[in-house]
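What follows is a short report on a single structure.
Numbering of residues begins at 1 and proceeds along the displayed sequence. We use all heavy atoms of the structure for the numbers below, so side chains are in, but hydrogens, waters and symmetry mates are not.
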Amino acid sequence: MNTVRKIKIIINNGDDEIRKSQYQFIRNAMYAQYQGLNRCMGYLMSGYYANNMDIKSQGFKDHQKTITNSLYIFNDIEFGKGIDSKSSITQKVKKDFSTALKNGLAKGERTVTNYKRSFPLMTRGRDLKFSYGDNDEILINWVNKIQFKAITGNSKNSIELEHTLHKIINGDYKVGQSSLTFNKKNELILILTIAIPEVKGDEYKPVANRTLGVDLGLAFPVYMALNDITYIRKSLGSYNEFAKQKLQYKARRERLYKQLDSVKGGKGRKDKLKALDQFKEKEKNFAKTYNHFLSKKIVLFAIKNQCEYINLEKIDSSGLENRVLGLWTYYDLQKDIEYKAKLAGIKVRYVKAAYTSQRCSRCGDIEKENRQEQSKFVCKKCGLDINADYNASINIAQSTEFIK
């Protein structure tokens with residue numbers, strides 16, 4: 001499935017003169033493309049009329065074959081360096097001509113496309129390289145050593161856009177033929193074409209009311225179980241692995257602060273502040289990447305087991321005190337799950353978190369004493385003895401106490 005996103009971008013260069021010249025490079029490339037498009041369409045139409053508007057004639061077929069990147073009509077046009085404009089132009093013109101034929105060109109019911117100077121500058125998807133910058137901004141390297149910075153803004157669609165760009169960076173989505181244009185405010189806009197893999201019908205056929213319960217674990221970052229086939233379960237990550245990484249970040253951060261205290265001013269302090277800022281961004285990127293890993297695995301597990309719903313706990317900061325994942329990453333994880341689940345056609349619901357860790361998933365008895373150990377649940381009433389996170393995930397999957 002292909003989708004299109006419009007993204008405001010700016011050229012990321014601190015040198016005013018270079019930045020101005022790069023903006024002018026884009027405008028010049030747009031003008032060159034405008035010339036090439038109209039010349040190419042005129043050339044194609046000349047062969048069409050010369051062969052009595054018979055597209056099946058050998059003469060017209062031979063004429064079409066001459067429309068290549070080396071066609072003489074392009075010789076005096078100065079196309080942008082590094083932009084594959086000639087290929088884009090010939091493909092676009094042939095496609096638009098075919099569309100015009102289908103819509104009544106031969107009958108005189110319509111004319112061929114007349115391209116305007118403001119026509120967006122076409123660019124190959126492989127020429128747009130997405131990455132994260134030092135301050136977690138999204139950067140796009142393009143041709144001719146031009147780098148853009150994406151401006152995602154604070155609108156209601158910004159979260160979805162950031163998720164989409166994140167998946168491009170991680171290789172989940174592919175970028176197709178895209179284009180650059182200037183809007184009425186003279187802002188540069190990237191019209192991004194994205195190929196999103198679809199879940200095939202024979203792979204995902206949800207069972208009515210089957211629900212995956214996702215527990216933010218005490219021994220594991222995530223523990224999952226189904227509501228109707230409770231023996232199907234899965235844990236993701238490990239406490240030791242995650243805790244070790246967080247401790248390493250904490251120790252490094254404390255060292256940087258200590259080094260900063262020992263430097264009173266000058267270039268040394270400036271360098272230490274820069275190193276600290278870069279480290280903070282690195283820590284944020286770790287959380288973002290880890291959330292991507294977890295949310296992807298959760299949704300794939302739901303698809304594999306034909307779940308119609310995913311149930312998540314609605315918990316506040318007080319409910320996260322003893323969890324593997326802290327407040328700093330859990331809410332982002334929820335948003336990641338929601339976004340990926342929506343693409344797969346799975347509904348996400350939130351349930352009350354109260355007593356999910358104290359309720360017995362077999363008999364329903366609620367007792368604080370059922371949870372005497374952090375990772376172990378033993379029911380005082382029926383004797384159920386299972387992993388505490390597993391028990392909680394079943395309760396979450398089976399809960400009907402929904403919160404909007």
Side-chain angles (χ1 to χ4, degrees), residues 207-244 246-247 290-291 294-295 297-299 301-302 304-331 333-334 337 341 346-404:
V207 175
N209 295 318
R210 177 167 291 171
T211 303
L212 179 68
V214 179
D215 177 54
L216 187 66
L218 292 170
F220 302 94
V222 167
Y223 209 106
M224 303 178 287
L226 302 187
N227 63 327
D228 57 346
I229 312 176
T230 56
Y231 63 81
I232 295 179
R233 55 176 173 163
K234 187 178 180 67
S235 62
L236 296 176
S238 72
Y239 173 80
N240 290 336
E241 173 189 297
F242 192 79
K244 180 181 177 182
K246 288 190 71 174
L247 286 172
Y290 201 75
N291 279 341
L294 293 175
S295 58
K297 292 291 186 182
I298 289 166
V299 174
F301 189 75
K304 179 182 177 181
N305 289 287
Q306 300 170 290
C307 295
E308 185 178 6
Y309 302 101
I310 294 176
N311 279 3
L312 302 174
E313 287 180 291
K314 193 72 171 181
I315 56 181
D316 56 26
S317 58
S318 62
L320 286 161
E321 291 174 357
N322 297 316
R323 307 294 178 111
V324 177
L325 297 181
L327 181 63
W328 64 288
T329 186
Y330 184 57
Y331 295 126
L333 174 60
Q334 286 183 330
I337 295 169
I346 302 172
K347 303 177 186 70
V348 172
R349 303 181 299 192
Y350 287 93
V351 302
K352 288 184 179 180
Y355 307 117
T356 55
S357 62
Q358 298 174 16
R359 178 186 290 110
C360 175
S361 59
R362 184 163 68 186
C363 73
D365 182 57
I366 299 174
E367 293 286 347
K368 285 186 178 181
E369 289 73 19
N370 289 343
R371 194 69 175 272
Q372 293 183 354
E373 296 180 32
Q374 189 180 63
S375 61
K376 192 174 183 180
F377 182 94
V378 180
C379 180
K380 297 296 181 180
K381 185 175 181 180
C382 73
L384 178 67
D385 185 347
I386 60 173
N387 175 275
D389 295 334
Y390 176 31
N391 178 74
S393 64
I394 296 173
N395 286 329
I396 294 166
Q398 295 178 345
S399 177
T400 57
E401 297 183 275
F402 304 118
I403 301 174
K404 292 184 179 180

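- A heavy-atom distance below 4.5 Å is found between the side chains of R210 and I229.
- The backbone N or O of C360 lies less than 3.5 Å from no partner atom in the side chain of D365, so there is not a single donor-acceptor pair.
- No donor-acceptor pair under 3.5 Å is formed between the side chain of R349 and the backbone N or O of Y309.
- The side chain to side chain contact (heavy atoms under 4.5 Å, CB included) test with K376 singles out one residue from I386, N387, N391, D385, and that residue is D385.
- Proximity of a side-chain donor or acceptor of N370 to a complementary backbone N or O of K380 within less than 3.5 Å is detected.
- Note that the CD1 atom of I337 and the CD1 atom of I346 stand 11.0 Å from one another [nearest 0.5 Å].
- Here the shortest heavy-atom pairing between S399 and V351 reads OG-CB, 3.6 Å.
- Between Q398 and T230 there is a side-chain heavy-atom pair separated by less than 4.5 Å.
- When side chains are defined from C-beta on, L226 counts as touching C307, because their heavy atoms get closer than 4.5 Å.
- Between V222 and V214, the shortest heavy-atom contact is CG1-CG1, 3.8 Å.
- Taken to the nearest 0.5 Å, the CG atom of D389 stands 5.0 Å off from the CG atom of D215.
- Distance check: L212 CG to K234 NZ gives 11.5 Å after rounding to the nearest 0.5 Å.
- If you take OH on Y355 and NZ on K368, they are separated by 8.5 Å, rounding to the nearest 0.5 Å.
- Between atom CG of residue L294 and atom CE of residue M224 there is a gap of 9.0 Å, rounded to the nearest 0.5 Å.
- Proximity of S361 to L384: side-chain heavy atoms (C-beta onward) are separated by under 4.5 Å at one or more points.
- Within the 4.5 Å cutoff, the side chain of I366 has heavy atoms near those of the Q358 side chain.
- Taking all atoms of both residues into account, the shortest heavy-atom contact from Y290 to P221 is OH-CG, 3.6 Å.
- Smallest separation of non-hydrogen atoms from G213 and A397: N-CB, 3.4 Å.
- The shortest distance between side-chain heavy atoms of S357 and F377 does not fall below 4.5 Å.
- Proximity of V207 to E308: side-chain heavy atoms (C-beta onward) are nowhere separated by under 4.5 Å.
- For the pair A341 and V299, the tightest heavy-atom approach, listed with the atom from each and the gap, is N-CG2, 3.8 Å.
- The CG atom of N395 sits 11.5 Å away from the CG atom of N311 when rounded to the nearest 0.5 Å.
- Considering all non-hydrogen atoms of both residues, A353 and E313 come closest at CB-OE2, 3.6 Å.
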